[in-house]
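One structure is given below, encoded as structure tokens.
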Amino acid sequence: MQTESTQVAIIGGGPSGLLLSQLLHKAGIDTIVLERQTRDYVLGRIRAGVLETGFVELLRKSGAGARMDREGEIHHGFHIAHQGRLDRIDLARHAQGQTVMVYGQTEVTRDLYEARDAMGGRVLHEVQDVVLHDLKGAQPHVTFIHDGAERRINASFIVGADGFHGVSRKSIPADILREYEKVYPFGWLGILSETAPAAPELIYARHDRGFALCSMRNSRLSRYYIQVPLSDKAEDWSDDAFWQELKRRLPEAVAEQMETGPSIEKSIAPLRSFVAEPMRYGALFLAGDAAHIVPPTGAKGLNLAASDIHYLYEGFADYFLRGEAGGLDSYSAKALARVWKAERFSWWMTSLLHRFPDMSPADLRLQQADLDYLFSSEAAQTSLAENYVGLPY
Ligand code: RFL
Ligand code: PHB
């Protein structure tokens, strides 16, 4: 069997794995990334669109931030539509000048792949049957099939950045791993269309018919979502039906002047809160969606992956460059402390804005009161803003 060695073997070539690989390479630490899909498949997934300052800084530090700085859009606030009103959260004012960057995950991933190519980084695509071995032993290693041949990589450490459905988390023994999960009784139907965004800033809408979101990728590419029952299928929603339902959930002034057009992507994502603890087992470290999932309402999924990668990068740099293991030893506790706060925020924002099927009249009035309180209290807006721009690492 062909065997090679590296300092850090990374399972998963999504944003978490690529960002870590790129940062470590720049610090002189060797990595190999193993990705199950083709590069085109990874780049075909339409996901997150809002980046926190921490993510933006990490991407710049990795050397892959130039196009984001040219093409990304800085947003100073966003809107919440409710009870016929359109209220604004002023991020810059309530979060001490902090803002968010609107730049799609697809573009981030493309930029990271190009940066990996430019540095001669090793990313193996279409690997199959990845198995993690000897995580608590003397020679941690990974075996897999690539180009029809069985291969082995010995590594000092293995990072599981292989998303929610990956193998890494499942390699932690069941008596060690604790999983916490909350599944929501609805999903988001999302479309991408080559139309001008409905408004210059994002609009999150709470409506009796269900939640809606107007987002964007750039001045000619819009991303819209509507809350739908889990039993719905994307292919059963025509573009016309989507636009009609979206408009019903938005303030009239927004709906009336909105540009519509054919969708170029349409999919349904379920909503879930999930955390796996601990995030380290021997030589294995979990990062990003492999360890936690949030419902997308606060735009935290990709941003949480970035804070994991920041802590891991610092830990590996301390270990390999300075001989100190403290950063790696405290990784799980440090990452989880931030993860749970983002879980809380995403759950709260989801609860604030969605129509749950079992809501009683009392629940509805409480939800309205939560929104009324938010826009009557500077303290409540500050709390929302500081979470939305991202809690400090
Ligand atoms: P990813 O992006 O899932 O990447 C993991 C990679 O690992 C590969 N893989 C394997 N490779 C080798 N061997 C195996 N056995 C493997 N199993 C899996 C996969 O092919 C994949 O390439 O995880 P990562 O890097 O941690 O990044 C996390 C983000 O992708 C995620 O948090 C966000 O996209 C979440 N998310 C959203 N976040 C937002 O902030 N805003 C959004 O609008 C938003 N929309 C979404 C989303 C996640 C979705 N998923 C996971 C279904 C919409 C969807 C549909
Ligand atoms: C998106 O643009 O895809 C997006 C933006 C904000 C969210 C979720 C998704 O909260």
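Just follow the structure's listing: the first ligand is 1, and inside any ligand the first atom is 1. Along the sequence shown, the residues carry numbers beginning at 1.
- Residue contacts with ligand 2: Arg223 is placed with no nitrogen or oxygen under 3.5 Å of a nitrogen or oxygen of the ligand (distance criterion only).
- For a threshold of 3.5 Å applied to N or O pairs, the pair formed by Val50 and ligand 2 contains no separation below that value.
- Between Glu181 and Arg272, at least one side-chain nitrogen of the basic residue sits less than 4.0 Å from a carboxylate oxygen of the acidic one, meeting the salt-bridge criterion.
- Taking every non-hydrogen atom of Thr297 and a distance limit under 4.0 Å, the qualifying atoms of ligand 2 come out as 10 (O).
- Using a cut-off of 4.0 Å between Lys/Arg side-chain N and Asp/Glu carboxylate O, Arg217 and Glu194 are scored as not salt-bridged.
- Under the 4.5 Å side-chain heavy-atom criterion for ILVMFWY residues, a single connected hydrophobic cluster contains both Ile226 and Ile203.
- Cation-pi contact between Arg355 and Phe211: absent, since separation from the ring centre below 6.0 Å together with deviation from the ring axis within 45° is not met.
- Salt-bridge annotation for Glu179 and Arg169: present, with a side-chain N of the basic residue lying under 4.0 Å from a carboxylate O of the acidic one.
- Backbone and side-chain nitrogen or oxygen atoms of Tyr388 are examined, and none is located within less than 3.5 angstrom of a nitrogen or oxygen of ligand 2.
- For ligand 2, the atoms sitting less than 4.0 Å from at least one non-hydrogen atom of Arg47 are 3 (O), numbered in the order shown with element in parentheses.
- Closest to atom 2 (O) of ligand 2, if we only count protein heavy atoms, is Ser215 OG, 2.6 Å.
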Please walk me through it: do Arg338 and Ser307 pass side chain to side chain donor-acceptor pair (under 3.5 Å)? CA-CA 8 Å; Arg338 190 171 189 277; Ser307 55; 2.9 Å; yes

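- Here the protein heavy atom with the shortest distance to atom 9 (C) of ligand 2 is Tyr225 CE1, 3.7 Å.
- Within the listing of ligand 2, atoms 1 (C), 2 (O), 3 (O) sit less than 4.0 angstrom from a heavy atom of Arg217.
- For Trp188, no nitrogen or oxygen atom sits less than 3.5 Å from a nitrogen or oxygen atom of ligand 2, counting backbone and side chain alike.
- Salt bridge present: Arg178 and Glu277 bring a charged side-chain N and a carboxylate O closer than 4.0 Å.
- Figure legend: cation-pi geometry between Lys300 and Tyr388, with NZ or CZ positioned under 6.0 Å from the six-membered ring centre and within 45° of its axis.
- The structure places OG1 of Thr31 at 9.0 Å from CD of Gln22, a figure rounded to the nearest 0.5 Å.
- Near Tyr204, with a cut-off below 4.0 Å to any heavy atom, the atoms of ligand 2 are 6 (C), 7 (C), 10 (O).
- Residue Leu202 has at least one heavy-atom neighbour below 4.0 Å for each of these atoms of ligand 2: 5 (C), 6 (C).
- The pair Glu235-Lys266 fails the salt-bridge criterion, with no side-chain N (NZ, NE, NH1 or NH2) lying under 4.0 Å from an Asp/Glu carboxylate O.
- In this structure, Tyr224 has its ring center at least 6.0 angstrom away from the ring center of Phe242.
- At a 3.5 angstrom cut-off on N or O pairs, Ala299 counts as close to ligand 2.
- Protein residues with a heavy atom under 4.0 Å from ligand 1 are Ile11, Gly12, Gly14, Pro15, Ser16, Leu34, Glu35, Arg36, Gln37, Val42, Arg45, Arg47, Ala48, Gln105, Val130, Ala161, Asp162, Gly163, Gly166, Val167, Tyr225, Ala269, Gly288, Asp289, Ala299, Lys300, Gly301, Leu302.
- The protein non-hydrogen atom at the shortest distance from atom 8 (C) of ligand 2 is Pro296 O, 3.3 Å.
- At a threshold of 4.0 Å, the pair Glu126-Arg39 does not count as salt-bridged, since none of the basic side-chain nitrogens sits closer than that to a carboxylate oxygen.
- When ring centroids are compared, His79 and Tyr204 stay outside the 6.0 Å threshold.
- For Leu213, the closest heavy-atom approach to ligand 2 falls below 4.0 Å.
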